[in-house]
Amino acid sequence: MIDLLALCAFNAAYAQAIDADELERWPGFFTEDCVYRITHHENEREGLPAGLVYADSRAMLEDRIAALREANIYERQRYRHLLGLPVLQAAADDGATACTPFMVARIMATGETTLFATGEYRDRLVRQDGRLLLAERVAVCDSTVTDTLLALPL
Amino acid sequence: MIDLLALCAFNAAYAQAIDADELERWPGFFTEDCVYRITHHENEREGLPAGLVYADSRAMLEDRIAALREANIYERQRYRHLLGLPVLQAAADDGATACTPFMVARIMATGETTLFATGEYRDRLVRQDGRLLLAERVAVCDSTVTDTLLALPL
Amino acid sequence: MIDLLALCAFNAAYAQAIDADELERWPGFFTEDCVYRITHHENEREGLPAGLVYADSRAMLEDRIAALREANIYERQRYRHLLGLPVLQAAADDGATACTPFMVARIMATGETTLFATGEYRDRLVRQDGRLLLAERVAVCDSTVTDTLLALPL
């Protein structure tokens, strides 16, 4: 049975990979045919499929990281994720669905620190070869106007 | 015995009900004769009973939500709670006292996101019919000047 | 075996001692010959030993608190720590190494609340006489420019 502690440990490792600038490890938290989206609560409530970011495979996530590295965006900003405890909606031996709140701070090279994004992950996880992986992560932002600033993964 | 994980799961569900705009579920986290207060650390230290918000029954919490719905305040702002791990002060089979730190971001319809309130819940929980419920939750804010802005539950 | 929940409970108690202005309890979370440093990610990456704060014994931490009390700095500001779940890197019966993300808000006497510092604790914990203690805590800040503002412990 996938439990709360296992999800917490998974999420902590996920956030650390991004915040420690080990972005190349990020796609490894997903299944090969995963869905990853960033959207906001209004779009999501109205069932609008187009979010701020959309990927439907791990390969697309890898492309995204490669593009970020070329753009060298990490020189200019860092993220810090603080994740809440998940609300476990369904759990079995081989999968789970859960919602996890997030706050993400952005730290510019100037030192300026702002609360960049808040929201909720809506996740579907599966266990493959003994490891938890995200089959789907939808990052639903609370604000409707973060799009132009998005760069690093949430 | 009520343990840390049970409290974490309870708090995660509590925060989600508010942040997902399912405010009608909020009073259901309390006992019928509960106490719910919002105050700040200076008032609390001096033992001043009058806080920013005071309710001494679940019915008063229901009234508060009804009033918020009429005022339609949720159209203009959202909250995002990030809760820390509780410090468990006492625990038995049928009850517990605990302190839990919180940060609450407020997201305006314009997209503006601010760190709205920080503080600590001081809680007394009981188990009734197998469910954890708040017999008392005092939200002690760190700032002494959030009163005029308070709208949604903390 | 030191586990995730034990670390969470330890960190929650650590943060509460600071945020509740019970600073005299803070050195008690460390071993007698501990290392405590505050630095930022650039210094740490380049292996520069000089951080923003450095102490290599519990006695130095006690001196620091005494100095803060004399300066009466707590009258003018409060902190609120929100800690994420630890990433447990190694664990045994008598020790563990872990990383834990933090966000710290600062609340001024005027009520102004800002996101003051974000970063990651890099910890080495030991169990002594049945209690977890920090043999080393390095608070690695994400921003390179928080130095002049530092006052309370992170």
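Protein chains get the first letters and strands the later ones, always in sequence-line order, with residue 1 at the start of each.
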- Query: With a 4.5 angstrom heavy-atom cut-off, which part of B:Leu88 approaches chain C: side chain, backbone, both or neither?
  - Reply: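 For B:Leu88, neither part sits under 4.5 Å from chain C.
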- Just give me the residue among B:Cys8, B:Gly119, B:Cys99 that pairs up with chain C most often, heavy atom to heavy atom, under 4.5 Å.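 Result: the option with the highest number of such pairs is B:Gly119.
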- Message: Tell me every residue that passes side chain to side chain contact (heavy atoms under 4.5 Å, CB included) with B:Ala12, counting only those two or more places apart in sequence or in another chain.
- Response: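 For B:Ala12, the residues satisfying side chain to side chain contact (heavy atoms under 4.5 Å, CB included) (neighbours in sequence not counted) are A:Leu85, A:Val87.
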Distance-only donor-acceptor screen, chain B against chain C, under 3.5 angstrom:
unit_1	atom_1	unit_2	atom_2	d
B:His41	ND1	C:Arg78	NH1	3.0
B:Gly119	O	C:Arg80	NE	3.3
B:Glu120	OE2	C:Gln16	NE2	3.3
B:Asp142	OD1	C:Arg80	NH2	2.8
B:Asp142	OD2	C:Arg80	NE	2.9
B:Ser143	OG	C:Gly111	O	3.2

- Item | C:Met103 portion near chain B, given a 4.5 angstrom heavy-atom threshold |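 For C:Met103, heavy atoms of backbone and side chain both lie under 4.5 Å from chain B.
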